[in-house]
Amino acid sequence: MKAEVEAASKLDRQLLLHLYRTLLLTRAVEDRVISLYRQGRIVGGVYNEYGMEAISVGVGAAMGPEDVIAPSHRDLGAILQRGITPREIMSQWLGKLTSPTRARDGNVHIGKLEAGVLAFVSHMGASTPQAVGAALAFKLRGERRVAVASFGDGAANTGYIHESMNLAAVRRLPVVFVCNNNQFAYSTPLHKQLAIRDIADRSAAYGFPGQVVDGNDVVAVYLAAREAIERAREGGGPSLIECKTMRMHGHSEADRAEYVPKELLEEWKGKDPILRMAGRLREAGHLDDKVQAELDAEVRAVVDDAVDHAEQAPAPQGPELLDDVYATPL
Amino acid sequence: MKAEVEAASKLDRQLLLHLYRTLLLTRAVEDRVISLYRQGRIVGGVYNEYGMEAISVGVGAAMGPEDVIAPSHRDLGAILQRGITPREIMSQWLGKLTSPTRARDGNVHIGKLEAGVLAFVSHMGASTPQAVGAALAFKLRGERRVAVASFGDGAANTGYIHESMNLAAVRRLPVVFVCNNNQFAYSTPLHKQLAIRDIADRSAAYGFPGQVVDGNDVVAVYLAAREAIERAREGGGPSLIECKTMRMHGHSEADRAEYVPKELLEEWKGKDPILRMAGRLREAGHLDDKVQAELDAEVRAVVDDAVDHAEQAPAPQGPELLDDVYATPL
Amino acid sequence: MPRLLYLEAIRRALREEMRRDPSVFLIGEDIGVYGGAFKVTAGLVEEFGEERVIDSPLSEAGYTGACAGAAFMGLRPVCEFQFADFSSVAFDAIINIMAKSYWRWGAPCPVTLRMPYGGGFSGGPFHSQCPETWYAQQNGLKVVAPATPYDAKGLLKAAIRDDDPVVYFEHKFLYRRIRGEVPDDDYTVPIGKARVAREGGDLSLITYGATLHTCLEAAETLAAEGVDAEVLDLRTLKPLDRSAILATVEKTGKAVVVYEPPLTMGPGAEVASVIAEDGFEYLDGPVMRVGAKDSPGVPFAPPLERFYLPGVDDVLAACRKLAAY
Amino acid sequence: MPRLLYLEAIRRALREEMRRDPSVFLIGEDIGVYGGAFKVTAGLVEEFGEERVIDSPLSEAGYTGACAGAAFMGLRPVCEFQFADFSSVAFDAIINIMAKSYWRWGAPCPVTLRMPYGGGFSGGPFHSQCPETWYAQQNGLKVVAPATPYDAKGLLKAAIRDDDPVVYFEHKFLYRRIRGEVPDDDYTVPIGKARVAREGGDLSLITYGATLHTCLEAAETLAAEGVDAEVLDLRTLKPLDRSAILATVEKTGKAVVVYEPPLTMGPGAEVASVIAEDGFEYLDGPVMRVGAKDSPGVPFAPPLERFYLPGVDDVLAACRKLAAY
Ligand SMILES: Cc1ncc(C[n+]2csc(CCOP(=O)(O)OP(=O)(O)O)c2C)c(N)n1
Ligand SMILES: Cc1ncc(C[n+]2csc(CCOP(=O)(O)OP(=O)(O)O)c2C)c(N)n1
Ligand SMILES: [Mg+2]
Ligand SMILES: [Mg+2]
């Protein structure tokens, strides 16, 4: 805790409270989606980043306004900071026309060009070359923008990731690779997925820096991401950050995850990123019961509004399906 | 030269002469194919391993009779040692029915199950998972056999290689990855292909050993391959050998390779693997003018016979194309 | 005879073939302890162990390519894609390594590629696709798509025993929705043979997979309207059973081809072409097709997906038009 | 007006578009100093520099996916495959990332995918394929296949300016074999519009790409035999110009669809199906198809490849049969 407090103290109160508030909002959206799911009001399956929120919150906070992210399916915390609203997110879960994908796609497949969020493609690894391509565009045009590619420990083993990292390295592109290592890929534990300890070490295979970060420490993630993003922005090329964490829910909410050892969950429960950040803020005098209550109320109001909005939003009829198929109609 | 002579002295005369003879035969086949090509008698394009023969000869010699190789397009020296005859090889170049692919495929796309040679697929990287799968079969059946996967410095950057190496590592399969780094992938020099010095270092990304070998030293290649193959055979899992060499001809014989710096070629001409091996054998007293002349004559006779055979072999008519489309006909 | 779910029939086939032949093994993601995303392989790792029920790393191109190598060494891999959609990253391995090997260099490649496919459950654009066309266009492959539990078991056993790469399309929507009689014995359904699922004389509905059930339902409604539809279940998409297709058209003179992929360039285009060329003289009307809407993806929200998928009403509309021709 | 090789027309289009629009860049293997395996891009890196003519590492899936990302940021990548065959490893990036993006989340993906394709030069199974079917079945893509130097330039310029992903099939056999008039000016050929390449009243040959020339040659022979064939050059395979197809069949009553991929499930199956459904009443005979032989691969040796490819004789045989119908 000592080192954490010290690292945190380098950041100003406003930023720390922003991180904390975003953690709370992310968790609140997740909690609400899960309860709606249990009520049968969600369309399709539910995926979340329960217990892993520090990663996407920390990374999202470190990004500049013009930067771009190709998120994984567990990156709500980043998406929320890029101007995609809780209303849009809830509309997406409910399959409404007001969602960024206009009900054509669902759940975590959110993208919006103006927000710098490239819509997630289910195929593991397939989002990463898109971030590399965005970085290529930034470099070609001489823009000081950075692309972030986020993916899991399972996705790390796809050919896409290898080709993307190598291409980024050869052309020294401004891209930051963030691997959220949550110890499972669906039911598959790490040791069946790869035979090394740290995925961060793979950066050496391409010739750029890699580092391991405590993925449940939002400040540590933020600081590592900020450094990597700034390096990239200054022409220092790509880097890889591996955030160690644990997937606390099933792969989806339909998955009871009986394959996960109980003790492992117990152990990681104690590392919950939100409780940790709260403790730290209290220690530093930035948080007390009153502020906490205000934040809770604020976050609840935002989520309530988002759900109301989404529930009242129009659902598709059917024939809209064939509108806007081509960007250049014939 | 000292270290080389010492390494060589660990091998017996018969093995050394086998390596040398195979180098000569490989070069002789290449030379003949090139001259036939210039005469317009070859069907399609011509690819060879001119100046790189030590790699495939060394690797092929280290393999056991039951082992399997998924060769690259520059692995004639290995193929020749696996019971695919010069006659078959020449038939392949001339598009005759006596070729292993019965004129359906050509040039370096040679494969034969009984010989443990998996036919090369043009798509760079695509041969490698096949070797991994063969190794998987060996392990599943408890056989003491090893699979060798061979590929170039360009192919190393395909997703197939990443996925193959990782899968082999996770399941500790008996497979040896051999990368022939000849400094070019078609016209693309190494620094546009990857941003690290040694491809061998990539083995650390998967958790198995990797080493760099002088790819123009047939004894060094042989010893490294033998060690890696025996380790795999004993259950020690995969490893990677990077053989540093230089492509001395164009990508194909139609490529004048003007993009290759003249000095680079000059430098590597002095490292010709055949001349080097000859010098070493002479130094050790295994080779003199008489033996050299005998070997030359022997090799020439084999190649003459192969070309005669191939020229007289039947060409396809056309309709055979549709024979044997399915292994289980309907 | 036990009445099994479509999904159970698939599991039976796997278990029986693995017991029969030690060279059969399974590879895919989460197929071991977890039993697969749809629980098709539940219980198999317990019986056959981790060497024969392999949880692969997330690497479809790699493990599909590895299946080819294992098959060349004489094994019979059953390669599972968690969703057929994800086989797009293994497309090269299937069409270039597997499909061409026997023809090209005489190496049989007895791999069964299990493809859970199809829509109807709000899976969205990347979990609902019908990639039959990707594979049915590639010679050297065999492509099957059972519509009933009986065929699901019999075709899977035939696929595993076949010495060629067989792409086996199992429809996710049918997994737990269709129950049928499945003998306990060791039977196979021949690859390449269609089946008349309903006899009729007025027009022919030619289909496969989940839309077989759509067609059978439509046929009942048509019967009430006095139109007697024959329903042909293709069962195999490659090679097509041309003689069965031509026979039903000869009988009825009218054909509607029904399939779940988007209409344009769907697998039924080949069926319609065969009829238009070799069955032309039998025809009493246009060869009609009913497929999904021509959208770039299968949509997520239920109203969109209902609009997208070919339904009983779409089949009825085509049949009524054709019957009145 | 200069008479250019097909290949030169492509290069002109690239150069003109790169001069016109700084957001156009090229990426592929060996396209810079080397000028590409076929020298199509020769001279371009000298003019536009290494940031706009990018020699990629050997990673088709990666750089194709990267093209999508660059396109989302507003660039117009022209993505070269050294041979169309190799796009099989980028299949996922094309059909799942690119084809669905605008429809799915409103992000235009203006990528041009250059596909040197086709056989006829002993390239063997992995350097001669015609993968039109892989892409023409995917909605959201546009697919073009010019047969003349004029169209090669005009369609490439149209493709680069189009805000959708366009798969551009350039036939390798035509590169240096076909010369034709190509205006120096800035013109485009509209995507989605077929062209009557030869007027005729007795039957319609419907084709595209290299087989246009086969059909034109066959039409001359037929003319001498008193059969007046119309030849329709589709130019675009997705979306098909249905009205042009139906118009020529309405005119002649007889159709032969000719294409270079294997017959079964080839792109002409869709053409034949359109005719069999919407042109049925015009038909005076079966809708015939001529394609390559149904072999798993394009064979290497010349006698096999001659047997494999659809030739003038094959087209003539079909036409004579149909004309006599
Ligand atoms: C190419 C591909 N194969 C399979 C899947 C099915 N699938 C979805 S998520 C997942 C596991 C992903 O694991 P990881 O990358 O570690 O991410 P996590 O879910 O743990 O965040 C799998 C196998 C997929 N989406 N894409
Ligand atoms: C997937 C794929 N893309 C492109 C090519 C075309 N191509 C053939 S060989 C080659 C270069 C291969 O370089 P490397 O792997 O270093 O092998 P080398 O030829 O140097 O031995 C290329 C680009 C191919 N065969 N496969
Ligand atoms: Mg994970
Ligand atoms: Mg090389």
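Below, chains carry the letters A, B, ... as their sequence lines are ordered, and counting in each starts from 1. Note: hydrogens, waters and symmetry copies are ignored here, and every other heavy atom, side chains too, is used. What you see is a predicted model, and the numbers here were worked out from it, not measured in a lab.
Using a 4.5 Å cut-off between heavy atoms, A:Val325 touches chain D through backbone and side chain atoms alike. With a 4.5 angstrom heavy-atom cutoff, A:Ala131 does not touch chain D via any of its atoms. No part of A:Val175 comes within reach of chain D, as not one of its non-hydrogen atoms sits under 4.5 angstrom from that chain. In this structure, chain D has heavy atoms under 4.5 Å from both the backbone and the side chain of A:Tyr326. For D:Asp55, the part lying under 4.5 angstrom from a heavy atom of chain A is the backbone only. Proximity to chain A (any heavy atom under 4.5 Å) is shown, for D:Tyr63, by both the backbone and the side chain. With a 4.5 Å cut-off on non-hydrogen atoms, A:Leu118 touches chain D through its backbone and its side chain both.
Look at A:Arg82 and A:Asp75 and you find no salt bridge, because none of the NZ, NE, NH1 or NH2 atoms lies under 4.0 Å from a carboxylate O.
In terms of heavy-atom pairs under 4.5 Å with chain A, the best-connected choice from D:Glu51, D:Lys100, D:Lys142, D:Lys193 is D:Lys142. Note: D:Ala61 leads D:Gly192, D:Pro108, D:Ala61 in heavy-atom pairs under 4.5 Å with chain A.
The aromatic ring centres of D:Trp105 and D:Phe72 sit less than 6.0 Å apart.
Figure legend: D:Lys153 and D:Tyr187 shown without cation-pi pairing, the cationic atom not lying both under 6.0 angstrom from the six-membered ring centre and within 45 degrees of its axis.
A side-chain contact (heavy atoms from CB on, under 4.5 Å) with D:Val167 is found for exactly one of D:Thr112, D:Val143, D:Val111, D:Leu237, namely D:Val143.
Ring geometry for D:Phe86 against D:Phe83 counts as perpendicular: the plane angle is over 60°, on a 0 to 90° scale with 30° as the lower cut.
A:Ala313 approaches A:Thr98 most closely through the heavy-atom pair CB-OG1, 3.2 Å.
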